[in-house]
Amino acid sequence: MNTLSLQGAPDTAATIIPNEFLDSYMPKASGDFVKIYLYLLRVLSSGDRHFNPSAMADKFHYTENDIRR
């Protein structure tokens with residue numbers, strides 16, 4: 001599987017979703033993967049650079065391993 005890179009955008013009230021993700025990855029991705037990816041994009045767009053996999057796992061009722069995978 002190819003690696004996706006997340007890049008922060010200026011702080012806005014919206015999250016930009018790359019077309020490559022929509023065209024290439026989303027059709028084959030599981031719903032859980034899409035939720036995690038969209039949430040990570042949202043975290044980056046907020047300007048928050050402190051990512052906590054444990055808190056994210058709690059928020060989505062996943063394990064930390066689910067988040068890392």
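L22 places none of its side-chain heavy atoms less than 4.5 Å from the side chain of P27. Side-chain contact between R69 and I36: absent, with no pair of heavy atoms (C-beta onward) separated by less than 4.5 Å.
Contacts of A29 classified as side chain to side chain contact (heavy atoms under 4.5 Å, CB included), with partners at least two apart in sequence or in another chain: F33, V34. By the side chain to side chain donor-acceptor pair (under 3.5 Å) test, K35 pairs with Y62, sequence neighbours left out. Partners of D23 under the side chain to side chain contact (heavy atoms under 4.5 Å, CB included) rule, at least two apart in sequence or in another chain, are N19. For R42, there are no salt bridge (charged side-chain N to carboxylate O under 4.0 Å, His left out) partners, not counting sequence neighbours. Applying the side chain to side chain donor-acceptor pair (under 3.5 Å) rule to S24 yields no partners; only residues at least two apart in sequence or on another chain are considered. Partners of D58 under the salt bridge (charged side-chain N to carboxylate O under 4.0 Å, His left out) rule, at least two apart in sequence or in another chain, do not exist in this structure.
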D66 and D32: CA distance, side-chain angles, deciding distance, side chain to side chain contact (heavy atoms under 4.5 Å, CB included) verdict = CA-CA 9 Å; D66 292 335; D32 292 339; over 6 Å; no
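Atom CG of L40 is separated from atom CE of M56 by 4.0 Å, given to the nearest 0.5 angstrom.
Applying the side chain to side chain contact (heavy atoms under 4.5 Å, CB included) test between L38 and each of I17, T15, V43 identifies I17 as the sole match.
In plain terms, the two heavy atoms of P53 and I67 that are nearest each other are O-CG1, 4.0 Å.
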